[in-house]
Amino acid sequence: MTAKAKPADPADAIDPTKALVPSVVKVNEVRVTKGFWPKIRRTAARIPFADQALAAWYAARDPETPLPAKGMIFAGLAYFVMPIDAIPDIFAGIGYTDDAAVIAALIATLGANIKRRHRDQAEEAVQRLKAK
């Protein structure tokens, strides 16, 4: 990735008005690709929205998902993987409420792009992660 591909401000990565800017989409895609699985492995057994986050992940990686939907999904997942957010994840009980709200908004807005196959893949992944 070149320096040109990076947003000027890290907040651009999760700014909904900039979620479809090609350089922001690319940065979010890279951030999510690197950070999603490590975080979901650490948290899958503790967060009730793991299946929804995983379904969004599978939809974002699906070549059939429209590019605008992918951009918004990557923005939402980037918020989930970023270590700094509105309510830090280290706070027991409430740390993931902001992440859950972002994922819920993502599902409400883009749910039509998250197909049954994505949800099935997510269910299988959650079961594997919880079994470990």
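Note that the structure is predicted; figures quoted are calculated from it, not measured.
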(message) Would you say Tyr96 ends up clustered with Trp37 if hydrophobic residues are merged whenever their side chains have heavy atoms under 4.5 Å apart, either directly or through other cluster members?
(response) yes
List, one per line, each side-chain donor-acceptor pair under 3.5 Å for residues 100-120, sequence neighbours excluded.
from	atom 1	to	atom 2	distance (Å)
Thr109	OG1	Ala105	O	2.7
Lys115	NZ	Ala112	O	2.8
Arg116	NE	Asp120	OD1	3.0
Arg116	NH2	Asp120	OD1	3.1
Arg117	NE	Asp62	OD2	3.2
Arg117	NH2	Asp62	OD2	2.7
Arg117	NH2	Glu64	OE1	3.2
His118	ND1	Lys115	N	2.9
His118	NE2	Asp62	OD2	2.7

(message) How long is the straight-line distance from CZ of Phe80 back to CG of Asp98, given to the nearest 0.5 Å?
(response) 10.5 Å
(request) Hey, could you give me the CG/OG1 distance between Asp99 and Thr43, rounded to the nearest 0.5 Å? (result) 8.5 Å
(message) Distance check, rounded to the nearest 0.5 Å: Leu129 atom CG versus Glu124 atom CD?
(response) 12.0 Å
(message) Looking at every non-hydrogen atom in both residues, tell me the closest pair between Val32 and Ala78 and how far apart they are.
(response) CG2-N, 3.4 Å
(request) Mind checking the CZ-CZ spacing from Arg31 to Phe74? Nearest 0.5 Å is all I need. (result) 12.5 Å
(message) What's the separation between atom CG in Leu77 and atom NZ in Lys70, rounded to the nearest 0.5 Å?
(response) 12.5 Å
Which atom pairs, donor and acceptor, lie under 3.5 Å between side-chain atoms of residues 49-57 and protein residues at least two apart or in another chain?
none

(request) Could you pull out all residues at least two apart from Lys130 that satisfy side-chain contact (heavy atoms from CB on, under 4.5 Å)? (result) Ala45, Val126
(request) Any chance you could measure Phe36, atom CZ, to Arg61, atom CZ, to the nearest 0.5 Å? (result) 11.0 Å
